[in-house]
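Structure record follows, encoded as structure tokens.
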Amino acid sequence: AATAAATKAAATKAAATAAATEASGGGEAAATEAAAATEAAEDRSRYGGTFHHQKGAQNTTLDPSVTVTDDAWSALTYNHLLHYSLNEETAWGDAAESWEQIDAVTLRITLRDGIRFNPEAAGGREQTSEDVKFSYSRFPDSLNEMGSEVNQVQWGWMGVDRGAAFDTPDDKTLVINQAMPFASNLACLGSSAMAIVAQESVEAGGGHLKDTPNAGGGPYMFSGI
């Protein structure tokens, strides 16, 4: 399907380019219109399809707040506030549109509009700051009740068991009142463990996601395990 889409997109773009060339002799307005048609002929062959992933061992659980045995699936089936490159020391937004370190222990994040869970997670509803608050507040319980393998350095600075707190003044604003100053907070938010999960899925799973494959809003959904 992807190959067919690519072929069709290439043909469409070629036709639009030909039209632009032909129109170049018909005046500036015609050339501009043809150029716009060329730009609109976007190659969408990269959308859709199936990603096959082979693992060397079974996951200890499918809950991203617990397992670290395979971060590829959690990175693909969940979305996160942001991504972070350790090599370039650069962060870029995923669900987060912007972020600001107000002071040493206050991080304010603005969420992007239109980010939704997948249909199996929460019926495709839009994500809110309450979802992020819920997701990040789970780590102490995941450690105490399910033996989380996630390094505590990644979430201790915002651990609600250590004095941190989350404020959600509106659906698109999250304020993390950190338990302590932590210079690597943005890098840690880029961890695959910092997945945004649907509360409905956690509740349906009895308080965990160990057997729930599709509970996020990432670009892929599990079709088989």
Side-chain angles (χ1 to χ4, degrees), residues 1-16 38-88 90-97 111-128 131-132 134-135 138 142 146 148-150 154 189-206 208-225:
T3 302
T7 303
K8 182 178 180 180
T12 302
K13 188 170 184 178
T38 301
E39 184 70 22
E42 178 189 4
D43 178 7
R44 296 183 60 84
S45 61
R46 67 184 184 276
Y47 294 91
T50 302
F51 176 83
H52 297 279
H53 177 52
Q54 184 174 356
K55 300 182 296 180
Q58 181 65 33
N59 291 320
T60 52
T61 172
L62 291 177
D63 195 321
S65 71
V66 176
T67 185
V68 296
T69 54
D70 181 19
D71 56 5
W73 64 264
S74 55
L76 291 170
T77 62
Y78 286 94
N79 67 311
H80 304 69
L81 277 181
L82 51 82
H83 301 290
Y84 192 89
S85 169
L86 292 174
N87 291 332
E88 300 175 2
T90 302
W92 62 96
D94 184 1
E97 182 176 71
L111 301 185
R112 194 186 307 276
D113 289 330
I115 302 295
R116 297 180 176 276
F117 285 114
N118 69 59
E120 291 185 15
R125 69 169 175 81
E126 190 164 351
Q127 293 180 359
T128 70
D131 293 309
V132 186
F134 172 79
S135 301
R138 299 180 63 226
S142 294
M146 293 178 280
S148 174
E149 303 163 349
V150 179
Q154 293 187 33
L189 287 180
S191 166
S192 60
M194 301 300 163
I196 302 174
V197 305
Q199 184 171 353
E200 297 95 321
S201 297
V202 176
E203 293 172 349
H208 56 75
L209 294 169
K210 65 180 182 179
D211 300 316
T212 306
N214 293 312
Y220 286 88
M221 290 177 61
F222 275 113
S223 60
I225 300 177

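This structure is a prediction, so every number in the text was calculated from the model and none was measured.
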Specify the closest pair of heavy atoms between [X] and [Y], including all atoms of both residues, with the distance to one decimal.
| X | Y | value |
| --- | --- | --- |
| His80 | Ser191 | CD2-O, 3.3 Å |
| Met221 | Pro119 | SD-CD, 4.0 Å |
| Ala95 | Gln127 | CB-OE1, 4.3 Å |

Please name all residues satisfying side-chain contact (heavy atoms from CB on, under 4.5 Å) with Ser65, sequence neighbours left out, ordered by chain then number.
-> Asp63, Arg138, Phe139, Ser142
Residues passing the side-chain contact (heavy atoms from CB on, under 4.5 Å) test with Asn87, sequence neighbours excluded, are Ser85
Not counting sequence neighbours, which residues clear ring pair (Phe, Tyr, Trp, His ring centres under 6.0 Å) with Tyr220? List them please.
-> Phe51
For residues 209-217, dump all side-chain donor-acceptor pairs below 3.5 Å to protein atoms at least two apart in sequence or in another chain.
residue, atom, partner, partner atom, Å
Asn214, OD1, Phe222, N, 2.7
Asn214, ND2, Glu120, OE1, 3.0
Asn214, ND2, Phe222, O, 3.2

Atom pair [atom1]/[atom2] of [X] and [Y] - distance to nearest 0.5 Å:
| X | Y | atom1 | atom2 | result |
| --- | --- | --- | --- | --- |
| Asp94 | Ile115 | CG | CD1 | 6.0 Å |
| His83 | Leu189 | NE2 | CG | 12.0 Å |
| Leu82 | Thr90 | CG | OG1 | 11.5 Å |
| Thr128 | Phe117 | OG1 | CZ | 7.5 Å |
| His208 | Leu62 | NE2 | CG | 11.0 Å |

Min side-chain heavy-atom separation Pro64-Trp73 under 4.5 Å | yes
Hey, can you pull the donor-acceptor pairs under 3.5 Å for the side chains in residues 193-205, sequence neighbours left out?
residue, atom, partner, partner atom, Å
Gln199, NE2, Glu203, OE2, 3.1
Glu200, OE1, Arg125, NH2, 3.1
Glu200, OE2, Arg125, NE, 2.8
Glu200, OE2, Arg125, NH2, 3.4
Ser201, OG, Ala121, O, 3.1

Applying side-chain hydrogen bond (donor to acceptor under 3.5 Å, both in side chains), name anything that partners Thr67, two or more places apart in sequence or on another chain.
-> Thr60, Thr69
